[in-house]
Amino acid sequence: SAVISQKPSRDICQRGTSLTIQCQVDSQVTMMFWYRQQPGQSLTLIATANQGSEATYESGFVIDKFPISRPNLTFSTLTVSNMSPEDSSIYLCSARNTGELFFGEGSRLTVL
Amino acid sequence: KNEVEQSPQNLTAQEGEFITINCSYSVGISALHWLQQHPGGGIVSLFMLSSGKKKHGRLIATINIQEKHSSLHITASHPRDSAVYICAVGGLQGGSEKLVFGKGTKLTVNP
């Protein structure tokens, strides 16, 4: 089992600014992921956070917009850069160990 | 078209009722997950299934691999069960394990 702490839980941001979301897992996990959930939609994978190397981004997501760090097996950050109202979403950190899934509480971002 | 379809999209029940949420998928899978999302956005994993049936408290999940279908049942439903229930299937895509999520079923249990 793993417990994921994610912060901030919510924030209201101004257009053009950037925000970094932190994800801390209470145990070492092999895989960490970042998802976006737009209002009324299902989860969309942004990228897989790779420990010690560049993240693997899904189609439609780029490193300049969503830089990700994963310095070790328990921590990762996602930055949403140069935000616009279209970036208003819930951002979720997730981890997987031996197939079992764990999620953070989500970060609800509102961009004005 | 989403490869994972859930039904119903919305469900309202009275406390004590038996609840069934369905999930159909079209892709080959290695495992199917049932997740619960609370109003604040946090997600809890309820079950991971690759065959058969699992039970945890009042929750039961079944999967039929041949029919590509899974159900989540809640017995003796309670207002605290009110949440969005999400089905996700995992399978190999492009050489790596990927998850495909359904859009969720919003359950409201009234006292």
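Lettering follows sequence order; numbering is per chain, from 1. The figures here come from the full heavy-atom set of this structure, side chains too, leaving out hydrogens, waters and symmetry mates.
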Nearest atoms (heavy-atom pairs only) where B:G102 meets A:S42: O-CB, 3.1 Å
Name the option with the most non-hydrogen atom pairs under 4.5 Å to chain B; the candidates are A:E100, A:R108, A:Q6, A:M31. A:R108
Say whether A:W34 and A:I63 are linked into one hydrophobic cluster, either directly or through other cluster members, by side-chain heavy-atom distances under 4.5 angstrom. yes
From B:H33 atom NE2 to A:R96 atom CZ, the distance as rounded to the nearest 0.5 Å: 6.0 Å
Decide yes or no on side chain to side chain contact (heavy atoms under 4.5 Å, CB included) for A:L43 and B:I43, but give the supporting numbers first. CA-CA 11 Å; A:L43 279 72; B:I43 293 177; 3.8 Å; yes
A:Y35 and A:V111: same hydrophobic cluster, using ILVMFWY side-chain contacts below 4.5 Å? no
Taking atom CZ of A:R10 as the centre, does the number of heavy atoms from other residues, nucleotides or ligands within less than 6.0 Å exceed 12? no
Please report the closest heavy-atom contact between B:G41 and A:L92, naming both atoms and the distance. O-CD2, 3.6 Å
Decide whether A:F33 and A:V29 are clustered together by the hydrophobic rule: side chain heavy atoms of Ile, Leu, Val, Met, Phe, Trp, Tyr closer than 4.5 Å, transitively. no
Is it possible for you to say whether B:V109 and B:L72 belong to one hydrophobic cluster, with membership spreading through side-chain heavy-atom contacts below 4.5 Å? yes
